[in-house]
Amino acid sequence: MSSPLLPLLLVLYKTTHHHENLLVAASSRDSTLASRARTAPSIDSHIHPSAYLSLAILAARCAHRGGIEFDLVVMEAAAAMEAGRKLAARHPHGRSRTAHNMSSSSLRKKSDAALVRKVPVAPLRPLLANLQEVFLATKLAVLFPAVPLAIAAQCFRFDQVWVFALSLLGLIPLAERVSFLTEQIALYTGPTVGGLLNATCGNATELIIALFALLKGKIEVVKCSLLGSVLSNLLLVLGTSLFCGGVVNLGARQPYDRNQSDVSTALLFLAVLCHSAPLLLRYAVAAGEHSVSATSAAASLDLSRACSFVMLASYVAYLFFQLKTHRQLFEPQEVDGGDAGDDDEEPALGFASALFWLALMTAVISVLSEYVVGTIEPTSQSWGLSVSFISIILLPIVGNAAEHAGAIIFALKNKLDITLGVALGSATQISMFVVPLSVLVAWIMGVQMDLDFKLLETGSLFMAVLVTAFTLQDGTSHYLKGILLLLCYIVIGACFFVARQPAGHANSNGALLDVPTGSMSVQAA
C-alpha cells in the first residue's frame, strides 16, 4: 500500500464526513468528489494514530471502487504527511497536554539560569536550580510568603481571621505548583498515567479541604465548598472568560468544539439527578406520597451511597473515554505566539525530585486546609457572613484563583477550547469524583454524609448546569453569554448572602430539616 494513500483517505473522509456516506460516494464515481479533495481543509493533527490502519484499508476500497485520481490530492497528502512527521517528532512518547496543564502554564515563567551559574560553590548549583524551578518559576511566587506567615500565625495564636486569610492566600500558589509537578511526572510516566494523575490531582485542594472538614464533622462545610467549586467554575470562571474574550475579540469569530462541552454537561446533568434523588425522596416521604422501610434519613443515606457508586462508575467510564477511546476530542488546540512550543522542552525536574516536591506540596496544602476548616466559623462570626456563603463563594474563588486566571488568559487569546476544558473539566471532576468520594469516605469514617444538599443548594446547581448547557449549545461565543452567566452567579451569591443556616443544622445533613408547610422564614443579614 503506497504511503500517499493514508493522507488521501483523511482528505476524502473530511470532505465527505458531513455530506454523505464515504463508500456510497466512492462507488457512485461522483465527479464532485475530486473537486472536494482539491478544496479540502488541512488535516487535523489530533487524529488518533490507531485509526490509521483501518482508515487506510477503507481508503484502498474507496480508491478501488471509485477510481479516484491520486494526483488531485498530492499537495494535500504531502502537507499532511509532513504535519504528521512534525507531530510525531514533537510528541515522541505520545504525550499530550490537557487543558488544565495549558491553563496553569500561562502563569509560569522561565527560570533565569544565569543566577545559578554565578554561585561559586558548584555542588550547590543543582540544588539551587531545583529550588528556583519549584518556587520562582511562577508568576504567583509573590504569594509564597503567605504560607510560612499562616503557619506562624497559627503557632503564635494570632487572631483566627488572619490565619484563615493567610491560609487561603497560601493555597493559591501551592495549587498551581501541584499542577506543574503532576505535569513534570507525566513526562516520565506516559500519557495515560499522566492523565490519571491530572484527573486525581486537578482538584486536590478541594478534596483535602473536604477530608479535613469530614474529620471535624463539618458536613455543611464539605457540601457547600464542593457546591461552590462547581458553581464558580460553571458561572464565574466561564462567564468571566466568555465576557473578557468576547470584548477583546469583538470583531473576530469565537468558535469552540462542542464535543467536549456536550460530554461534560451530560455528566453534570447526571450529577444533578443524583443530588436531586435524596432530596425528592425526603419531600415525597414527608408529604405522605411514599413510605420507606426505615426512617427518611436512613433511606436518604442509603440512596446517596448507591448514587455515589453510580457517579464514580460513570467517572471511570468518562476517564476511559477521555484518555483512551476518544482522546482526540479533549486535546486542546495549539496556542500561537510561543505557548505551543512548550511541548518541545525537556522536563525541568527529575522524576524523583518532582515526586518529592509533589508529596511536600500536598502535605503543606493539608496543613493550610486544616487551618481553613478550623477557622472558618470564627471568621464567619467576625465578618458577619454565614458559613455557607464563605464556603460557597469565597473558598472557591480564592482557592482556585490560579486555575481561573489561566482560563481567562486563554479566553483573551481566543482559545476557548482550553477555557472550556478548565471550567467544565473541573466542574465535572468535582461533581462526579470528589463529591461521591467524600460520601463514601465519610461512610468509612462513620460520618453520615449524604447527597441531599437541601433545596436552595440543589436548585442552584440545577439552574447553573441548565444555563451553562443552553449557553454552549451553538459552538460559538460572544460577550453577552459571559454577562448572562455572571449575572446568574451574582443572583445565586445574593441568595446565600441573605440566607442563614439554623443554629442546630450547621453540621448536619439535609435530611434533618423539616419540609416547610407554612410561610417561608429567612433570617436576613
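Excluded from the calculations below are hydrogen atoms, water molecules and symmetry mates; all remaining heavy atoms, backbone and side chain alike, are included.
Looking at residues two or more places apart in sequence or on another chain, you find no side chain to side chain donor-acceptor pair (under 3.5 Å) involving Ser366. Residues satisfying the side chain to side chain contact (heavy atoms under 4.5 Å, CB included) criterion with Cys495, sequence neighbours excluded, are Leu456.
Heavy-atom contacts from other residues, nucleotides or ligands closer than 6.0 Å to CZ of Phe470 number 12 or fewer. Taking a 6.0 Å sphere around OH of Tyr479, one finds it holds 12 or fewer heavy atoms contributed by other residues, nucleotides or ligands.
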**Request:** For Leu174 and Thr205, run side-chain contact (heavy atoms from CB on, under 4.5 Å): C-alpha distance rounded to whole Å, both residues' side-chain angles, the deciding distance at 0.1 Å, then the answer.
**Result:** CA-CA 9 Å; Leu174 290 174; Thr205 303; over 6 Å; no
>> Working note: Met449 + Val222, criterion side-chain contact (heavy atoms from CB on, under 4.5 Å); need CA distance, chi angles, decisive distance, verdict.
In response: CA-CA 9 Å; Met449 175 182 172; Val222 178; 3.7 Å; yes
| request: Begin from the C-alpha positions of Phe180 and Leu358 and carry the test side-chain contact (heavy atoms from CB on, under 4.5 Å) through to its verdict. | output: CA-CA 9 Å; Phe180 164 72; Leu358 179 61; over 6 Å; no
Set out, in order, the CA-CA distance, both residues' side-chain angles and the distance that settles side-chain contact (heavy atoms from CB on, under 4.5 Å) for Leu424 and Gln260, then state yes or no.
CA-CA 9 Å; Leu424 295 180; Gln260 180 180 175; 5.6 Å; no
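Checked by atom type and distance alone, the side chain of Ser380 pairs as donor or acceptor with a backbone atom of Leu385 at under 3.5 Å. Distance alone, capped at 3.5 Å, is enough to place a donor-acceptor pair between the Ser232 side chain and the Gly228 backbone. In terms of modelled atom types and a separation under 3.5 Å, the side chain of Lys223 and the main chain of Phe453 share no donor-acceptor contact.
Two residues are said to be in side-chain contact when any heavy atoms from C-beta on lie closer than 4.5 Å; Ser314 and Met432 meet this criterion. Within the 4.5 Å cutoff, no side-chain heavy atoms of Val467 are placed close to those of Leu484. Between Val372 and Leu171, the closest side-chain pair of non-hydrogen atoms falls below 4.5 Å. Side-chain atoms of Phe321 and Val263, non-hydrogen and from C-beta on, do get closer than 4.5 Å to each other. In this structure the side chain of Thr419 never reaches within 4.5 angstrom of the side chain of Tyr256, judged on heavy atoms.
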Under 3.5 Å, which donor-acceptor pairs link side chains of residues 233-248 to any protein atom two or more places apart or in another chain?
| unit_1 | atom_1 | unit_2 | atom_2 | d |
| --- | --- | --- | --- | --- |
| Asn233 | ND2 | Ser229 | O | 2.7 |
| Asn233 | ND2 | Ser426 | OG | 3.4 |
| Thr240 | OG1 | Leu236 | O | 2.6 |
| Ser241 | OG | Val237 | O | 2.8 |

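Applying the salt bridge (Lys or Arg N to Asp or Glu O under 4.0 Å) test to residues at least two apart or on different chains, the pairs with a partner in residues 262-281 are Arg258-Asp262. For residues 155-169, there are no side-chain hydrogen bond (donor to acceptor under 3.5 Å, both in side chains) pairs, not counting sequence neighbours. Within the structure, every pair that satisfies the ring pair (Phe, Tyr, Trp, His ring centres under 6.0 Å) test and touches residues 132-154, not counting sequence neighbours, is listed here: Phe135-Phe144, Phe135-Trp357.
With respect to Arg282 and Asp450, no salt bridge is recorded, no charged nitrogen being found less than 4.0 Å from a carboxylate O.
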